[in-house]
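Chain letters run A, B, ... following the sequence lines, proteins first and then strands; every chain starts at 1.
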Protein chains: 2
Amino acid sequence: MPASNPANASPDSPDGEGAQLSGGPAFSPLYQQIKSLLLRSLQGGEWKPGEAIPSEMDLAARFRVSQGTVRKAIDELATDNLLVRRQGKGTFVATHAEENIQYRFLRLAPDEGPATGMARDVLDCRRLRAPADVARALNLKSGDSAVLIRRTLSRNGTPVVLDEIWLPAGPFKGLTAERLSDYAGPMYGLFETEFGVRMIRAEEKIRAVAADNVTAGLLKVAEGCPLLSVERLSHTYGDKPIELRRGLYNTASHFYRNDLN
Amino acid sequence: MPASNPANASPDSPDGEGAQLSGGPAFSPLYQQIKSLLLRSLQGGEWKPGEAIPSEMDLAARFRVSQGTVRKAIDELATDNLLVRRQGKGTFVATHAEENIQYRFLRLAPDEGPATGMARDVLDCRRLRAPADVARALNLKSGDSAVLIRRTLSRNGTPVVLDEIWLPAGPFKGLTAERLSDYAGPMYGLFETEFGVRMIRAEEKIRAVAADNVTAGLLKVAEGCPLLSVERLSHTYGDKPIELRRGLYNTASHFYRNDLN
DNA sequence: TAGTGGTCTAGACCACACA
DNA sequence: GTGTGGTCTAGACCACTAC
């Protein structure tokens, strides 16, 4: 690439993998364009979760930019938790399947003791028409089929979390209570490995609610007991909403932690 | 700076503002050292909140490094929300005092309508001995004096938040209910402007609790009503804990929002 | 026009992992 | 030793703001 960066004005190498936008009026830095191209490759499955992507030098050659430009693109993807850099080894596609230790999105911590794993219990897993609110959240047509999973998480034999998980039926064909129970790692690992659905980002809405009759029984608390209601909408590539999860947390001996800065 | 970066081994310009660590065995990149120096200047008040810091070129000259190295240091401080970059104008010390629109750390949003400001009501502000748990959280000696503020936040005339705020008495000499009530902006702006205490970072522990008698009266809910309990520990420079805030949120028509990635 | 941050390059060397 | 990411430099030019 010559010294005068053509950026969005005069593309001088409009070949296969050239990086410049051709003539668009909107300005976008080269590294952002590289980032988009990398994102597209990730979404398209060119590199699978856990695998290494090409080295910075290789990518620089492929996109015909300098290493520094590729570097900045990768940096942003790394802070977005889409890629993981490992010095001396390479850059890898992030994955929920081998995330050491703990659930990536679960912010629940015990008052005392280490944040060890929790026992999972799938209550049921069935297909039904998505209710209106679920359909709206997941961008489904009303009447579309959805999967509903209900499960609990327990620590030391005591149930702490009751989850109600809604998924679009399409991408999750073949998901059963058995497969959920059999899979060793976190649920998002299974989604990734078995269904090619990778969770990128989520928004949570948190409230305090009173336990209803059924919930009280499942969580072994009194009816009316205050519970944390955590509604999570998870998104996959392209910011597409793909999971709606409604959790009820018993915060008698656990708390939801959050860091602000 | 010569091509062979001396880093931690052979300082070649040990003058006033030279950047290298002298002889320490622990490796630390130059830009991290610059970051520390900038942090020290911020902490020491060389540049006040809202002011501009010197340009990248000036800082590069001062620390005898390249612009790119200063740049990376500033980048990190900017993502930490300690500095704010404004293209064409300069780099500024972040401040709570002019943060347009909304509270920086308050994650409460209304179910409907825009997240407009809320009405503040200071119930009381007094000095007393810090209880054991507060003293522990704020690193005070047991028996040290502390300020306790109680206040509510209301939207459309309805109280939504009841805060109980603990501060060490020392740095907040002269803080009264009147000054709290009179100050126009957010409380952290007042802390910054009047007491030189800038909040950098906070951790929150969230639970669901039942409203007790007194709380129920203040928030105009029934006794036993589920409320969100938000315990926030805020830190200032040097990661020093400086505020313990216990909030009770009525989440009937508001929710606590959180983004996960 | 001058000064600021923002982008991009090309090349050097360092730290780390692995064979 | 080779290859990877990580750091640092020097210099060019672009985009934005203010005077």
Can we say [X] and [Y] salt-bridge, meaning some charged N sits less than 4.0 Å from an Asp/Glu carboxylate O?
X	Y	result
A/Glu46	A/Lys48	no
B/Lys205	B/Glu231	no
B/Arg107	B/Asp259	no
B/Asp75	B/Arg85	yes
B/Arg257	A/Glu204	no

* Under a 4.0 Å heavy-atom cut-off, which of residues 67-78 of chain B touch DNA chain D? -> B/Thr69, B/Lys72
* To do: Return no unless some side-chain N or O of B/Arg85 is found under 4.0 Å from OP1 or OP2 of C/dG6.
  => yes
* Asked: Would you say D/dA10 has OP1 or OP2 under 4.0 Å from some side-chain N or O of B/Ser66?
  -> no
* Asked: Without hydrogens or angle criteria, can the side chains of A/Tyr256 and B/Asn258 be said to hold a donor-acceptor pair below 3.5 Å?
  -> yes
* **Check: B/Thr91/B/Arg86 side-chain N/O donor and acceptor closer than 3.5 Å** => no
* May I ask you to test the A/Leu108-A/Leu153 pair for a side-chain heavy-atom distance under 4.5 Å? => no
Rounded to whole angstrom units, what separation is found between the [atom1] atom of [X] and the [atom2] atom of [N]?
X	N	atom1	atom2	value
A/Arg86	C/dC16	CZ	C1'	14 Å
B/Ile34	D/dT7	CD1	P	14 Å
A/Lys89	D/dT4	NZ	C1'	11 Å
B/Lys35	D/dC8	NZ	P	13 Å
B/Tyr31	D/dC8	OH	P	7 Å
B/Gln32	D/dG6	CD	P	13 Å
B/Gln33	D/dT7	CD	P	12 Å
A/Met57	D/dG5	CE	C1'	12 Å

Side chain of [X] only, please: which of [options] is the nearest?
X	options	answer
A/Thr91	D/dT7, D/dG5, C/dC8	D/dG5
B/Val65	D/dG5, D/dT9, D/dC8	D/dT9
B/Gln87	D/dC16, C/dC8, D/dC8	D/dC16

* Asked: Under the side chain to side chain donor-acceptor pair (under 3.5 Å) test, which residues partner B/Asn81, sequence neighbours left out?
  -> none
* Secondary structure of DNA chain C in dot-bracket form (Watson-Crick or G-U wobble, distances below 3.5 Å, | marking inter-strand pairs) -> ||||||||||||||||||.
